[in-house]
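If you read the sequence from its start, that first residue is 1, and numbering goes on from there. Numbering of ligands and ligand atoms starts at 1, following listing order.
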Amino acid sequence: MQKSKKSKSAVNTVDSGGGLSHLTDMPAAPHSPVTSKNSPYIGRFAPSPSGPLHFGSLVTALASYLDAKAHRGQWLVRMEDLDPPREQPGAADVILRSLEGHGLEWDGDVMYQSKRHDAYQDCLDDLLAHDRVYPCDCSRQDLSAMGGIYNGRCRYRSVDLSLPHALRLKLYDTKDYPGSDECHFHDLIQGFQAQNLRTDAGDQILRRRDGFYAYQLAVVVDDIAQGITHIIRGNDLLEVTARQLFFFGLLGAPLPIYGHVPLAVQANGQKLSKQNHARAIEIKDASRNLWRGLEFLGQNPPPDLAGASTNEILDWGLHYWRRDKITGQSHLYSDN
Ligand code: GLU
């Protein structure tokens, strides 16, 4: 599907240090990811260190690793340690040891978002200078009174800047994005997606009221800085993809290609997550975990592979990797 006009500038305007440059020549809204056949594949896994890896996050790590390596790409790891109150001390290291213990070796150095505050602030400064973000002091109650989608209220009122306030990104009705509320994209796994940025997303918080940089800011700034071309991640993030694509376009960066893998859900319908105290996967079960991950991803690993070494299982996974065999938005998973 090709809805959008093509970006005037398909040039990545972000240097490796993350300094965002020149928002002046804003591209027209490019909502269709484009990568050329010759462009390299750079994928990533971006866990938040709020707890150890559980089966659901292993599936995401495995899918993003195999998809990158099957395309002779790089696979980067970025630690999204942006929200200290929700982090568990030591979890970042536990996650990295667990990846290693499953044979999932990343390329280059791990990027830590806690060390990237200057890049986030530079981006915010540029956005502020170009009237792309605005202060907002609306409360959670205000937001729920709006039905959960922010209606742009603070675009039109003045906010006392001496009091705590958030910064929000304008997602629609912007000077040079006329009539671009509709965002369409093709997801490699979930297929055609359409979202209205005004009615389904609403202006997004980029810096929180408590002063922390928001995930929506950091994830895009860092995906650009790392030159990420393909993002394979959990299906819970499908709904925030359109707004992230908008943001890539606004920053004049090439759009990555997305694929959202099914979530592992428990019998009670809850997704496996650190918040739901999903059981940590153990390195001693690495072969079994990988085998079950391949099975979860629809790859039909042969039963006798379950007893092989992690390297053998990953080699099998790479050899037989078929992205089109991954189906569905969620699958039942039990620890037993
Ligand atoms: N850090 C996010 C998480 O653990 C993932 C972000 C992303 O893949 O874009 O859910």
Task: Value rounded to 0.5 Å, distance of CG in Leu188 from CG in Asp67 - done: 7.0 Å
TODO: Could you go through the salt bridge (charged side-chain N to carboxylate O under 4.0 Å, His left out) check for Asp81 and Lys115 one step at a time?
DONE: CA-CA 9 Å; Asp81 53 350; Lys115 304 208 172 101; over 6 Å; no
Open item on the list: Does the plane of the ring in Trp75 sit parallel, tilted or perpendicular to the ring in Phe45? Use 30° and 60° as the thresholds.
Closed with: parallel
Open item on the list: Looking only at distances, can you tell me whether any N or O atom of Leu237, backbone or side chain, sits closer than 3.5 Å to an N or O atom of ligand 1?
Closed with: no
- [ ] Examine Phe185 together with Phe192 and report whether their ring centres are nearer than 6.0 Å.
- [x] no
TODO: Report the relative orientation of the aromatic rings in Tyr258 and Phe248; use parallel for angles under 30°, tilted for 30 to 60°, perpendicular for over 60°.
DONE: perpendicular
Open item on the list: Heavy atom to atom 1 (N) of ligand 1, shortest distance: which of Arg233, His260, Met79, Glu80 holds it?
Closed with: Glu80
Open item on the list: Give me the nearest non-hydrogen protein atom to atom 5 (C) of ligand 1 as residue plus atom name, then the distance to 0.1 Å.
Closed with: Ala46 O, 3.3 Å
TODO: Check if Phe45 has a non-hydrogen atom at a distance under 4.0 Å from any atom of ligand 1.
DONE: no
- [ ] Assess Arg44 for proximity to ligand 1: is some non-hydrogen atom of it under 4.0 Å away?
- [x] yes
- [ ] Using a strict cut-off of 4.0 Å, indicate which atoms of ligand 1 neighbour a heavy atom of Val219.
- [x] 9 (O)
TODO: Classify the angle between the aromatic ring planes of His230 and His71 as parallel (below 30°), tilted (30 to 60°) or perpendicular (above 60°).
DONE: parallel
Task: Where ligand 1 meets Ser48 - atom numbers and elements under 4.0 angstrom, heavy-atom basis - done: 1 (N), 2 (C), 3 (C), 4 (O)
Task: Under-4.0 Å heavy-atom contact with ligand 1, by part of Thr60 that carries it - done: neither
Open item on the list: Is it true that His260 and Arg233 share a donor-acceptor pair across their side chains at a distance under 3.5 Å?
Closed with: yes
Task: Numbered atoms and elements of ligand 1 in range of Tyr215, under 4.0 angstrom, heavy atoms - done: 6 (C), 7 (C), 9 (O)
